[in-house]
Amino acid sequence: MKLLNIFVLFLLCSSVLSFGQEEKEVGDDNAFKKEELPKASIDQYKIYSLQGDTIYADTSLTIQSEYKYNYLRKDLFGLLPFANEGQSYTRLKFSLKKYNTLPSSGHHAKKFNFMGTDDINYYSVATPFTELYFKTVMEQGQNLDAFITVNTSPQFNFSVAYKGLRSLGKYINQLSSTGNFRFTSSYAADNKRYVANAHFVAQDIMNGENGGLTSDEDFEGEDAAFNSRPRLEVYFKDAETLLKGSSVFLDHSFRINKENASSNWKINHQINYEYETYNFKQTTLISSILDSDGTTTDLQRFGDASQTGEIINKSRYNKLYNRFGVEFENSLLGRFEFFVEDFRDNNYYNKIIIADNQIIPSSINTELNRAGGKYAYAKNNLEISGLISSSFNGPASSTIKGNLLYNFSERMAVEFEYTNLSKIPDHIYNLQQSSYLGYNWSNNFKNEKINSFSASVKSPWVDVSANYQILNDHLYFTDDVEDLFQIITPQQYTESINYLNIQAGKEFRYGKFALDNTVLYQQVQQSEAILNVPEFVTRNTLYYSDHLFKKALYFQTGVTLNYFTKFYANEYNPILGESFVQNQKEIGNFPMVDFFVNLRIQRTRIYVKAEHFNSPFTGNTFYSSPHYPYRDFMLRFGLVWNFFQ
């Protein structure tokens, strides 16, 4: 009901703004004649990021828009969703993991839809622009993403957006309830002497945590009774997690010289404050496991606890980041910037714990200062950029990045990138408190070191990209007990891990038919099985496109096959909101076939999809993570509706 009210509110706002910008009447001899206002072109509806990447509002219906029609609103190739919308994802493509040299709180398996600074866009539009996204979910709920942006003047823009989800799910205790509120504003003086972008984000992600199936055999067997998924036993029937956060961000710059010239000096400043909490709550600690001989075993899945009643674990995190820079820009030489950074954060609990004769402190914090420089050059078909920074006060950390892009033509380009990072460990590796005795630790791990080499080629024949990473002092989680118990601890791998991926994509067309292909190959060299990925991942879409009703309607229909080879996927742990390395159960080697029909009528795109429609006759061997099944066959539909007032 809450999401429906928001949907109606955005419709009303759009209607009011549209009414306020109707064509004006002209006071001439014909009192009823209306002035014809010029129509805005699509390039007057700009969407840009802090990095300077700019795109335009897109209402077309393409195979790429089909791939992006999902909860995360992005192409999910390399990510495998869990059974219910709004849960975690298994990362099939390791290079999708993004590193930041500064620490975070952790809980990464919960943060796929947790919006950070790089996920926020800014806008400049000729008239009010609205987008409404709606999609059905698995059971009892809906997914809505409503957005509106307005330029009150050519200099000032603001946007308001809210993405909400509620989905009960097919299994016991699998409810997802999430919300992401975003507000952005942008200002640019007439002469562009002062430019500012700011945003505020408030978000929460709540999930019922059932701990996975207690018996994979019941799921994989042929007993029709278990086709009703609530009949499958799970570990927890009342556990839940809640991740909440809010952030305030401002990025602005001031040009020292009054007029824009071939050489300019600027002062840049960026500030970001974030607050975050992570809660794990469990009322019933005992799980009952039905053994193969018909007997029942009672156990505490996460081991011994300091209490027998309800468990509530809560961690808090805040950070303040400031960055000051002086920039020199020259039309011939490029753009140079020298900057200093101040970073302060605190990850804390409400008490000190003594466990196994070890004192677990109530907090861990970071205070550091860094200095560095940036360079960017873009002329004709060549773009070059570089960054180097290193801390001079506080914990050691460093970043080196370099990028080169050359466009031979609109359809052909090559790009090379190098990254060298010395990353401070995320706090969850160094400090954890819980009422479960095995989930308390205080560590002092070394920095992770990441060397990454990337190259890509875009051409009319094939698009190819490759990434090679060398990981040293890699941090990960592992299960120390295994079997029916799950007691997770952080570890640091002291040897090197060498990771390689090569990805190729090509679309073949014949008349109104098309075959879109993406293939990923991965290889890992390591002494122990720490970083596990499938060797091959593929997505192939065969579809047909055409116009109907004198081109008033455009449609696409086709099938998509997703597949990956077997591998020891990481398993999800709700206490930490992290995934851990395991070597007990492989997943993969099952096809996921979707059938879709998509329609476009003016600026409305309608999507209908039969997801995983092959599951009833290819066997119940499909998992998103060990003991967490992938999605059953279901029919889902929705739309994306754009308004240009």
Side-chain angles (χ1 to χ4, degrees), residues 58 60-85 87 89-93 96 112 133-138 143 462-465 501 503-522 534-546 554-566 569 587-600 605-624 629-640:
D58 184 8
S60 63
L61 178 61
T62 65
I63 195 60
Q64 293 304 318
S65 59
E66 152 67 20
Y67 294 151
K68 294 178 181 179
Y69 184 68
N70 56 64
Y71 175 60
L72 296 185
R73 307 296 305 274
K74 66 180 183 181
D75 191 341
L76 294 182
F77 183 78
L79 292 177
L80 182 67
F82 277 40
N84 195 19
E85 200 84 294
Q87 290 186 291
Y89 295 76
T90 291
R91 192 178 285 108
L92 303 177
K93 181 180 178 181
L96 291 178
F112 287 92
Y133 167 101
F134 172 80
K135 191 173 186 179
T136 58
V137 294
M138 288 64 192
N143 182 202
V462 66
D463 294 340
V464 180
S465 63
N501 79 47
Q503 182 172 314
K506 172 63 179 175
E507 183 177 76
F508 300 94
R509 289 186 170 273
Y510 181 78
K512 298 175 181 179
F513 288 90
L515 177 63
D516 184 72
N517 305 283
T518 305
V519 179
L520 171 69
Y521 169 75
Q522 299 178 110
E535 188 174 12
F536 287 99
V537 183
T538 183
R539 179 180 65 197
N540 310 91
T541 302
L542 176 65
Y543 65 102
Y544 175 85
S545 308
D546 201 359
Y554 178 72
F555 79 97
Q556 291 178 338
T557 182
V559 292
T560 297
L561 166 68
N562 284 281
Y563 174 84
F564 61 94
T565 52
K566 275 193 171 185
I587 70 168
N589 193 30
F590 60 88
M592 296 163 282
V593 184
D594 304 332
F595 172 75
F596 63 89
V597 178
N598 301 331
L599 310 174
R600 180 179 182 271
R605 287 162 284 172
I606 301 170
Y607 298 85
V608 181
K609 179 181 286 188
E611 295 186 1
H612 200 192
F613 75 82
N614 60 302
S615 64
F617 45 86
T618 53
N620 293 338
T621 58
F622 45 88
Y623 291 88
S624 296
Y630 179 66
R631 297 172 178 176
D632 289 298
F633 162 71
M634 66 187 71
L635 184 66
R636 302 177 66 188
F637 63 90
L639 58 84
V640 177

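Just so you know, these numbers use all the heavy atoms, side chains as well, and skip hydrogens, waters and symmetry mates.
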(message) Nearest 0.5 Å, please: how far is CG in Asp632 from CG in Asn620?
(response) 7.0 Å

(message) Given 3.5 Å as the limit, does a donor-acceptor pair link the side chain of Ser60 with the main chain of Thr62, or not?
(response) no

(request) Tell me yes or no: between the side chains of Glu66 and Asn598, is some donor less than 3.5 Å from an acceptor? (result) yes

(message) Is any side-chain heavy atom of Met592 closer than 4.5 Å to one of Phe564?
(response) yes

(message) Would you call the rings of Phe590 and His612 parallel, tilted or perpendicular, taking 30° and 60° as the class edges?
(response) tilted

(request) Could you go through the side chain to side chain donor-acceptor pair (under 3.5 Å) check for Asn540 and Tyr563 one step at a time? (result) CA-CA 9 Å; Asn540 310 91; Tyr563 174 84; over 6 Å; no

(request) Could you tell me whether the side chain of Leu515 reaches within less than 4.5 Å of the side chain of Tyr543, counting heavy atoms only? (result) no

(message) Within the structure provided, determine whether Pro81 and Arg631 are in side-chain contact (heavy-atom separation under 4.5 Å).
(response) yes

(request) Answer with yes or no after comparing the ring centroid distance for Phe536 and Tyr521 against a 6.0 Å cut-off, counting only values under it. (result) yes

(message) Ring centres under 6.0 Å, that's the criterion: do Tyr69 and Tyr133 meet it?
(response) yes

(request) Establish, yes or no, whether the cationic atom of Arg539 lies under 6.0 Å from the six-membered ring centre of Tyr67 and within 45° of the ring axis. (result) yes

(request) Flag the pair Lys68 and Asp75 as a salt bridge only when some basic side-chain nitrogen lies within less than 4.0 angstrom of an acidic carboxylate oxygen. (result) no

(message) Check this for me, if you would: do Arg509 and Glu507 make a salt bridge, where the nitrogen-to-carboxylate-oxygen distance has to be below 4.0 angstrom?
(response) yes

(request) Please name the pair of heavy atoms, one in Pro591 and one in Leu561, separated by the smallest distance, quoted to 0.1 Å. (result) CB-CD1, 3.8 Å

(message) Test side-chain contact (heavy atoms from CB on, under 4.5 Å) on Tyr623 and Tyr630; report intermediate values, then the result.
(response) CA-CA 4 Å; Tyr623 291 88; Tyr630 179 66; 5.7 Å; no

(request) Mind checking the CG-CD1 spacing from Leu80 to Ile587? Nearest 0.5 Å is all I need. (result) 6.0 Å

(message) On a heavy-atom basis, which atom in Asp58 and which in Arg605 lie closest, and how many Å separate them?
(response) O-NH2, 3.5 Å

(message) I need the minimum non-hydrogen distance between Thr90 and Phe82, along with the two atoms involved.
(response) OG1-CE1, 3.7 Å

(message) Before we go on, tell me: are the rings of Phe513 and Tyr544 under 6.0 Å apart, centre to centre?
(response) yes

(message) Is it the case that the side chains of Thr560 and Asn562 hold a donor-acceptor pair, with the cut-off being a distance below 3.5 Å and no angle test?
(response) no

(request) List the steps, then state whether side-chain contact (heavy atoms from CB on, under 4.5 Å) holds for Lys512 with Ser545. (result) CA-CA 5 Å; Lys512 298 175 181 179; Ser545 308; 5.6 Å; no

(message) Tell me if the OH atom of Tyr510 is crowded by more than 12 foreign heavy atoms within 6.0 Å.
(response) no

(request) State, to 0.1 Å, how close Ala83 and Ser624 come at their nearest heavy-atom pair, and which atoms those are. (result) N-OG, 4.4 Å

(request) State, yes or no, whether a side-chain contact exists between Phe508 and Asn517 at a heavy-atom distance under 4.5 Å. (result) yes

(message) What verdict does the side-chain contact (heavy atoms from CB on, under 4.5 Å) test give for Asn501 and Lys93, after you've listed the backbone C-alpha separation in whole Å, the side-chain angles of each residue and the deciding distance to 0.1 Å?
(response) CA-CA 8 Å; Asn501 79 47; Lys93 181 180 178 181; 4.1 Å; yes

(request) Could you grab the distance from atom OG1 of Thr136 to atom CG of Leu635, nearest 0.5 Å is fine? (result) 7.5 Å

(message) What verdict does the side-chain contact (heavy atoms from CB on, under 4.5 Å) test give for Ile606 and Phe637, after you've listed the backbone C-alpha separation in whole Å, the side-chain angles of each residue and the deciding distance to 0.1 Å?
(response) CA-CA 8 Å; Ile606 301 170; Phe637 63 90; over 6 Å; no

(request) Take Phe613 and Phe633, measure what ring pair (Phe, Tyr, Trp, His ring centres under 6.0 Å) needs, and give me the verdict at the end. (result) CA-CA 5 Å; Phe613 75 82; Phe633 162 71; 7.3 Å; no

(request) Taking the side chain as every heavy atom from C-beta outward, state whether Arg91 and Leu79 have any pair of such atoms under 4.5 Å apart. (result) yes

(message) With a 4.5 Å cut-off on side-chain heavy atoms, are Phe622 and Asn614 touching?
(response) no

(request) Please name the residue in the list Thr538, Thr518, Leu96 that meets the side chain to side chain contact (heavy atoms under 4.5 Å, CB included) test with Phe77. (result) Thr518

(message) As an exercise, state the distance from CG of Asn70 to CZ of Arg636, rounded to the nearest 0.5 Å.
(response) 9.0 Å

(request) Please confirm whether the backbone N or O of Pro534 pairs with a side-chain atom of Gln522, one donor and one acceptor, at under 3.5 Å? (result) yes

(request) Hey, could you give me the CZ/CG distance between Phe134 and Leu639, rounded to the nearest 0.5 Å? (result) 7.5 Å

(request) Could you tell me the separation between the CG atom of Leu599 and the CD atom of Gln556, rounded to the nearest 0.5 Å? (result) 10.0 Å

